[in-house]
Protein chains: 2
Amino acid sequence: MDDGSEITNTSGDDDSADRKHLRADARRNIDDLLAAAMAVFSKSGVDAPVREIAKEAGVGVGTLYRHFPQRSDLIKEVFRREIDACADAAATLSQDNAPFEALAKWMNRYVAFIAAKRGLGAALHSGDPAYEALPAYFEKKLRPALQGLLDRAVEAGEIRDGLRPNELLRAVASLSNPAPDVGTDFTDNMMRLMLDGMRRGAGDK
Amino acid sequence: MDDGSEITNTSGDDDSADRKHLRADARRNIDDLLAAAMAVFSKSGVDAPVREIAKEAGVGVGTLYRHFPQRSDLIKEVFRREIDACADAAATLSQDNAPFEALAKWMNRYVAFIAAKRGLGAALHSGDPAYEALPAYFEKKLRPALQGLLDRAVEAGEIRDGLRPNELLRAVASLSNPAPDVGTDFTDNMMRLMLDGMRRGAGDK
DNA sequence: GAATATATGGAACAACGTTCCGTTTAACAA
DNA sequence: TTGTTAAACGGAACGTTGTTCCATATATTC
């Protein structure tokens, strides 16, 4: 039943075990490549040429392919890290803000993450099996993060109960990938609308 | 205000005017190319190589590019024709069937059209300006077609009033582009559900 | 049937993802 | 420190893509 398409199976930090018996230059190059890929993707979209990423990282394409045998492996790893960062931000925001404030800030964080990824949606729906595991990872990490924020805001009586995190995530993802005919602040407006709608008693007169 | 990205402006058949002063072999090759493209797209998806289409049509790539200066021009023309055919089917179905039956059959026709186009969704959301005009053409041709079917079914008292054709079209398009984790008959099931829900008094007990 | 504008085919180009392999270098034992 | 060696490196080279170019072929017209 293992289709081999799971995202690098890192429950916690067991990839640092893999990294331990890597040569020092290899570890450094992997880090440089991921940083370069992140920069290039946000500048030129996920369709950016492999050579551009290698150049930005200051390594040859051979080195890139040694660590990421396929272009999609690099994309997946970058997204995995960004998803993790986005999920982790929930805890931090929750500590530093009032419940609803934390929720609102995290939603905007999520919007920024999705919106910055030009071409990600296209890649996900391309039918390429290399990306099949990404949506599952999205949900696995992001749903609990959002769930925690929702629970806290519900307990504080700031938003209403029964909101389904998966639906919110999907809705935001759709709204952040706007059609070409709508304005740029469309997403912001819809987000404000959604957040207002979530407030307790929003339906009352 | 003309952004030059409109779909070939064919109100009626004014492209046959263009075709008139084309050489006979050119006309024949254009037809062969469109037929070949249609066949290849449905067999290998819209990402199929240009050379494969040229070979299927029995012409050189030079000939293909003479008539369709960009790959996307060929794609757009194929879809324009299929959209037209789908819209025209509404009138035929309306004549040969009872109102609700015609509506149901047309919806399934639309589902088949969308589902057969592997990679179309990705192309539409790719951000490539070459495809920007397609959604508008979708709506322009398909909305009136569906509107007519809805009106007739409403007048016959078979479905309820107030259904918005744009929403139905968008919903069906989304449902026909299923995520990889759902089964193949997902779309059929959802379509049946929607059609049942449209029936007059579907909400009653 | 010649003259000519038009259309054709496929070699050639640039850019892409990916592979290959001669060279370099980090790691470790002596 | 030095020598040995497995690991990692860089970038030329390959195959496939979209697109361009132009010498050749062929409808069309008179």
Side-chain angles (χ1 to χ4, degrees), chain A residues 15 17-37 40-41 43-78 118-119 122-123 126-131, chain B residues 15 17-37 40-41 43-78 118-119 122-123 126-131:
Chain A
D15 58 344
D18 292 355
R19 291 183 55 132
K20 271 304 174 207
H21 48 76
L22 273 180
R23 247 169 58 173
D25 52 351
R27 269 197 299 270
R28 181 160 30 81
N29 281 333
I30 288 177
D31 290 342
D32 289 353
L33 277 167
L34 286 171
V40 169
F41 286 163
K43 188 183 53 169
S44 316
V46 291
D47 291 332
V50 174
R51 275 172 248 263
E52 190 179 336
I53 299 168
K55 197 167 121 189
E56 172 89 15
V59 304
V61 282
T63 301
L64 188 155
Y65 272 89
R66 159 162 277 261
H67 298 301
F68 303 96
Q70 298 201 81
R71 201 194 127 72
S72 58
D73 293 324
L74 185 49
I75 296 179
K76 284 194 294 189
E77 185 58 20
V78 167
R118 251 172 311 171
S126 67
D128 187 332
Y131 300 107
Chain B
D15 58 346
D18 292 354
R19 291 183 55 130
K20 272 303 176 212
H21 49 77
L22 273 181
R23 249 168 58 173
D25 52 350
R27 269 197 298 271
R28 181 159 30 81
N29 280 334
I30 288 177
D31 290 342
D32 289 353
L33 277 168
L34 285 170
V40 169
F41 286 164
K43 188 182 52 166
S44 316
V46 292
D47 292 331
V50 176
R51 277 172 246 263
E52 189 179 336
I53 299 168
K55 196 167 121 187
E56 172 89 15
V59 304
V61 282
T63 303
L64 188 156
Y65 271 90
R66 159 160 276 260
H67 300 300
F68 303 96
Q70 299 201 79
R71 199 193 128 72
S72 58
D73 293 323
L74 185 50
I75 295 178
K76 284 194 295 190
E77 185 59 20
V78 167
R118 253 172 309 172
S126 67
D128 187 332
Y131 300 107

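A note on names: the letters A, B, ... follow the listed sequences, proteins ahead of strands, and every chain is numbered from 1. What you see is a predicted model, and the numbers here were worked out from it, not measured in a lab.
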Worksheet, complete the sentence: Under a 4.0 Å heavy-atom criterion, the protein footprint on nucleotides 11-18 of chain D, written with B, S and -, is BBB---BB

Practice prompt. Report, as a single string ordered 5' to 3', how protein heavy atoms within less than 4.0 Å touch nucleotides 22-28 of chain C: B base, S sugar-phosphate only, - not at all.
Written response: ---BSS-

Without decimals, in angstroms, what is the distance between [X] [atom1] and [N] [atom2]?
X: B:R66; N: D:dC22; atom1: CZ; atom2: C1'; value: 12 Å
X: A:I75; N: C:dG17; atom1: CD1; atom2: C1'; value: 12 Å
X: B:H21; N: D:dT28; atom1: NE2; atom2: C1'; value: 15 Å
X: B:K55; N: C:dG10; atom1: NZ; atom2: C1'; value: 14 Å
X: B:L64; N: D:dC21; atom1: CG; atom2: C1'; value: 16 Å

Atom pairs and distances, side-chain donor-acceptor, residues 57-71 of chain A, under 3.5 Å, sequence neighbours left out:
{"unit_1": "A:R71", "atom_1": "NH1", "unit_2": "A:A48", "atom_2": "O", "d": "2.8"}
{"unit_1": "A:R71", "atom_1": "NH2", "unit_2": "A:V46", "atom_2": "O", "d": "2.1"}

Item to complete: Let me know which of B:L34, B:L33, B:I53 forms a side-chain contact (heavy atoms from CB on, under 4.5 Å) with B:V78.
Response: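 Answer to the side-chain contact (heavy atoms from CB on, under 4.5 Å) test with B:V78 among B:L34, B:L33, B:I53: B:L34.
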
Fill in: C:dA7 OP1/OP2 closer than 4.0 Å to side-chain N/O of B:N29
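False: B:N29 side-chain N/O out of range (4.0 Å or more) of C:dA7 OP1/OP2.
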
Practice prompt. Answer yes or no: does a side-chain N or O of B:Q70 lie under 4.0 Å from OP1 or OP2 of D:dT19?
Written response: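 For D:dT19, OP1 or OP2 has a side-chain N or O of B:Q70 closer than 4.0 Å.
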
Practice prompt. Sequence neighbours left out, what pairs pass side-chain hydrogen bond (donor to acceptor under 3.5 Å, both in side chains) with at least one residue falling in residues 22-33 of chain B?
Written response: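 Of all non-adjacent pairs touching residues 22-33 of chain B, those that pass side-chain hydrogen bond (donor to acceptor under 3.5 Å, both in side chains) are B:R19-B:D31, B:R23-B:D25.
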
Discussion item. What's the separation between atom CD in A:E77 and atom CG in A:L74, rounded to the nearest 0.5 Å?
Written reply: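 These two atoms lie 8.5 Å from each other.
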
